[in-house]
Structures are given as structure tokens and as C-alpha cells.
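Shown next, in C-alpha cells, is the structure this report addresses.
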2 protein chains.
Amino acid sequence: MTSTERGEAQPLRPTKQRTAVVEALAAFDDFRSAQEIHELIGRAGSNVGLATVYRTLQKLSEVGEVDMLRTEDGEAIYRRCSATHHHHLVCRSCGATVEVEGPTVERWTRSIASEHGYADISHTLEIFGTCPACR
Amino acid sequence: MTSTERGEAQPLRPTKQRTAVVEALAAFDDFRSAQEIHELIGRAGSNVGLATVYRTLQKLSEVGEVDMLRTEDGEAIYRRCSATHHHHLVCRSCGATVEVEGPTVERWTRSIASEHGYADISHTLEIFGTCPACR
DNA sequence: GACGAGTTGACAATGATTCTCAACTGACCT
DNA sequence: AGGTCAGTTGAGAATCATTGTCAACTCGTC
Ligand SMILES: [Zn+2]
Ligand SMILES: [Zn+2]
Ligand SMILES: [Zn+2]
Ligand SMILES: [Zn+2]
């Protein structure tokens with residue numbers, strides 16, 4: 001019997017391609033698509049398969065290392081983020097992103113939910129606008 | 001020069017297929033995909049092209065007649081909704097949806113945004129949970 | 001009843017994401 | 001150093017929602 005009995009998240013094996021993805025993620029500050037990230041990695045010298053980039057990004061977001069959200073037209077975009085629960089204020093034109101948090105909304109969603117008898121709550125909240133630099 | 005100079009929303013011409021879509025929308029209370037709706041229309045006797053269903057749904061959501069949101073895997077789903085600004089409390093297992101609203105979040109997002117100098121604000125907020133019936 | 005912009009539908013095309021599967025790797029043991 | 005094996009990778013095929021194409025059709029208007 002191995003030591004990894006429990007179905008919990010196993011530690012991802014560190015490979016050069018995973019490292020490449022993580023490094024790529026460290027290089028920008030806004031949300032990018034898997035394809036753009038794949039592109040960046042290529043430009044940076046490494047060569048990682050597109051499928052691998054998708055797989056890695058997916059795993060990283062499961063683990064909470066990155067946040068994933070969807071563009072207006074449904075494309076998934078990713079960003080390396082802090083581990084604590086938070087939301088995003090995203091510039092519609094340049095993509096500049098600010099992590100925001102506050103007990104207000106958390107409290108509000110929780111009370112609204114229980115008020116209607118819903119349990120096991122989760123929520124998504126993103127704010128879009130035009131940043132100062134893009135006025 | 002015509003009377004429809006401004007790029008604003010022209011009134012949609014009432015056709016039998018648009019009617020069919022609207023009727024289909026009236027028949028359920030949760031969010032459904034364009035394909036499911038197309039399916040429903042077919043089952044109900046009418047016969048409307050899938051592309052038309054997509055186009056109609058898109059227009060209706062532009063006009064605010066229906067709300068559109070995205071499933072976890074990026075698929076667009078639609079629901080006939082009230083015209084006023086609101087958010088959704090959706091049951092993760094049966095899809096039962098409640099429209100919710102409140103000045104709290106509206107105010108919060110607005111203040112957070114201006115606090116960071118962002119203008120021209122919009123936001124998305126959805127709450128997921130398990131409804132009383134699905135406990 | 002004719003006219004023209006708006007609308008439709010069958011089908012092709014696009015494009016992001018996932019699947020397949022044989023070859024490769026990292027961690028561990030002898 | 002060599003062996004073992006589950007985890008990982010990559011090239012390309014496969015999926016699948018959504019959009020584009022374009023000739024035929026339709027509604028409201030004159
Ligand atoms: Zn984040
Ligand atoms: Zn900006
Ligand atoms: Zn709604
Ligand atoms: Zn339910």
C-alpha cells in the first residue's frame with residue numbers, strides 16, 4: 001500500500017514543462033488565454049505542447065494556484081493569483097487586473113442564499129470597467 | 001437619410017420563428033442551452049433552424065429580454081428574465097433559479113471600482129448552491 | 001401586386017478544448 | 001547502474017458549440 005491512499009490532491013510532479021508554465025504565468029499580470037500562454041512559453045525558448053499547457057493550467061486552477069475566468073465569448077483565461085478568496089476588477093480595454101475582497105459581498109451572498117434555503121454556497125463575481133490609464 | 005440613424009436597437013421584426021423561440025423560453029424556468037431550446041421548439045411542433053435560434057437568443061439578450069450566462073465549461077445558457085438589473089441564485093443540481101437583487105452589492109461594486117479609478121462599470125455575479133428540494 | 005431590407009435555413013467553416021496512445025521521465029528500490 | 005512503473009508528454013485527430021455564407025423567402029409599405 002502506498003502512502004497516497006486518500007483521493008485528495010496529489011502533489012504535481014515537477015517537470016520542466018510545468019515549470020515553464022509557472023514561469024510564464026509569473027511574467028504577466030493580467031488574464032491570458034491558454035493559447036497566449038503557450039505562445040509566450042515558445043517565445044521564451046522552452047517548447048511545451050499546447051495540450052500540456054491546457055492540462056497544466058487546468059490542474060493549477062484546481063489547486064487554486066491560478067484563477068480562471070471566461071471572456072464575454074466563453075474563452076477561458078488564466079492568471080496567477082493569491083491563494084485567498086477574492087474577486088477581480090478588470091480593465092475592459094487593457095486587461096489590467098486588481099484583486100479585490102471584502103466581507104460585504106461574502107456576507108450578502110451568504111445571507112441571500114440561506115434566506116432562500118440554498119445550502120453549500122459558492123459564487124462568482126467579476127467587475128469590469130475602464131482603468132485610469134485607459135480613460 | 002432614414003429614421004433609424006442612431007445605432008440603437010431597432011425593433012425586431014415579429015416572425016413565426018422568433019415567436020417560437022419566445023414561446024419555448026416561456027416554457028421553462030431555469031437556464032437552458034441554445035441547443036436544448038432548439039430541441040424544445042422542435043418537440044413542440046414548430047421547426048426552426050438552429051442558426052436562427054442562436055441568432056434570436058443573441059438578439060434577445062442584447063435587448064435584455066433574456067439573461068445569458070456561462071456554464072462551468074463555457075457553454076452559453078439562457079433564461080427569460082425580468083428586465084430590471086438582477087443576479088441569480090442557481091441550484092447546482094436541479095437548476096432551479098431565483099432572481100435576486102439588492103442595493104448592497106450594486107453599491108459595493110460601484111465604490112470598489114471608483115476607489116481604484118475604474119469608470120464605466122459593469123459586473124457579473126452568480127450564486128450557486130443546493131436548493132431546499134435537492135437537500 | 002410590386003419592392004427592398006430584414007430574416008431564414010442548410011451546410012460549411014472556425015476555433016477552443018479534449019482525446020488518444022505510444023514514447024518518455026521522475027522517483028524509488030536493489 | 002539497472003529495473004520498474006505510475007505519471008506525464010506531444011502530435012495529431014476528434015469534438016462540439018458557435019458563427020459565417022448566401023441564395024431563397026417574407027413582412028410591411030407604397
Ligand atoms: Zn484572482
Ligand atoms: Zn486599462
Ligand atoms: Zn435573470
Ligand atoms: Zn435543486
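Letters A, B, ... mirror the listed sequences (proteins, then strands); counts begin at 1. All heavy atoms count here, side chains included; hydrogens, waters and symmetry mates do not.
Applying the 4.0 Å criterion to OP1 and OP2 of D/dG7, one finds that A/T15 has every side-chain N and O outside that range. Contact annotation: B/Y54 side-chain N/O to D/dT19 OP1/OP2 distance is not under 4.0 Å. In terms of phosphate contacts, B/R70 brings no side-chain nitrogen or oxygen within less than 4.0 Å of OP1 or OP2 of D/dA17. An OP1 or OP2 oxygen of D/dT8 is reached within less than 4.0 angstrom by no side-chain nitrogen or oxygen of A/Q17.
Between B/R18 and B/V21, the closest side-chain pair of non-hydrogen atoms is not below 4.5 Å.
The distance from atom CD of A/E72 to atom P of C/dA16 is 17 Å, rounded to the nearest whole Å. Atom pair A/M68:CE and C/dT17:C1' shows a separation of 11 Å (rounding to whole Å applied). Rounded to whole Å, the distance from CZ on A/R18 to C1' on D/dT8 is 7 Å. In this structure, B/E75 atom CD and C/dT17 atom P are separated by 14 Å, rounded to whole Å.
If you look at B/F31 and B/H88, their ring centroids are closer than 6.0 Å.
Transitive grouping of hydrophobic side chains (ILVMFWY, heavy atoms separated by less than 4.5 Å) keeps B/I77 and B/L57 in distinct clusters. A/L125 and A/W108 fall within the same hydrophobic cluster, defined by Ile, Leu, Val, Met, Phe, Trp and Tyr side-chain heavy atoms under 4.5 Å apart, directly or through other members.
Under 4.0 Å is where a charged nitrogen must lie from a carboxylate oxygen, and between B/D67 and B/R80 no such pair does.
Out of C/dT17, D/dT19, C/dT8, the shortest distance to the side chain of B/Q58 is found at D/dT19. Comparing C/dT18, D/dT8, C/dT7 by their closest approach to the side chain of A/K59 singles out D/dT8.
The nearest heavy atom of DNA chain D to B/A76 and to B/P14 marks one nucleotide each, and the one closer to the 5' end goes with B/A76.
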Result block: side-chain N/O donor-acceptor pairs under 3.5 angstrom for residues 47-56 of chain B, not counting sequence neighbours:
residue	atom	partner	partner atom	Å
B/T52	OG1	B/R55	NH2	3.2
B/T56	OG1	B/T52	O	2.8

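In this structure, a donor-acceptor pair under 3.5 Å is absent between the side chains of A/R107 and B/T104. Side-chain contact check for B/H123 and B/H87: at least one donor-acceptor pair (N or O, by modelled atom type) lies under 3.5 Å. With no hydrogens or angles considered, a side-chain donor-acceptor pair links B/S82 and B/E99 at under 3.5 Å.
For residues 19-50 of chain A, proximity to DNA chain D is found at A/N47, A/V48, A/G49, defined as any non-hydrogen atom under 4.0 angstrom from a strand atom.
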Measure all distances between protein nitrogen or oxygen atoms and nitrogen or oxygen atoms of nucleotides 19-25 of chain C, and list the pairs falling under 3.5 Å.
residue	atom	partner	partner atom	Å
C/dT25	O2	A/R13	NH2	3.2

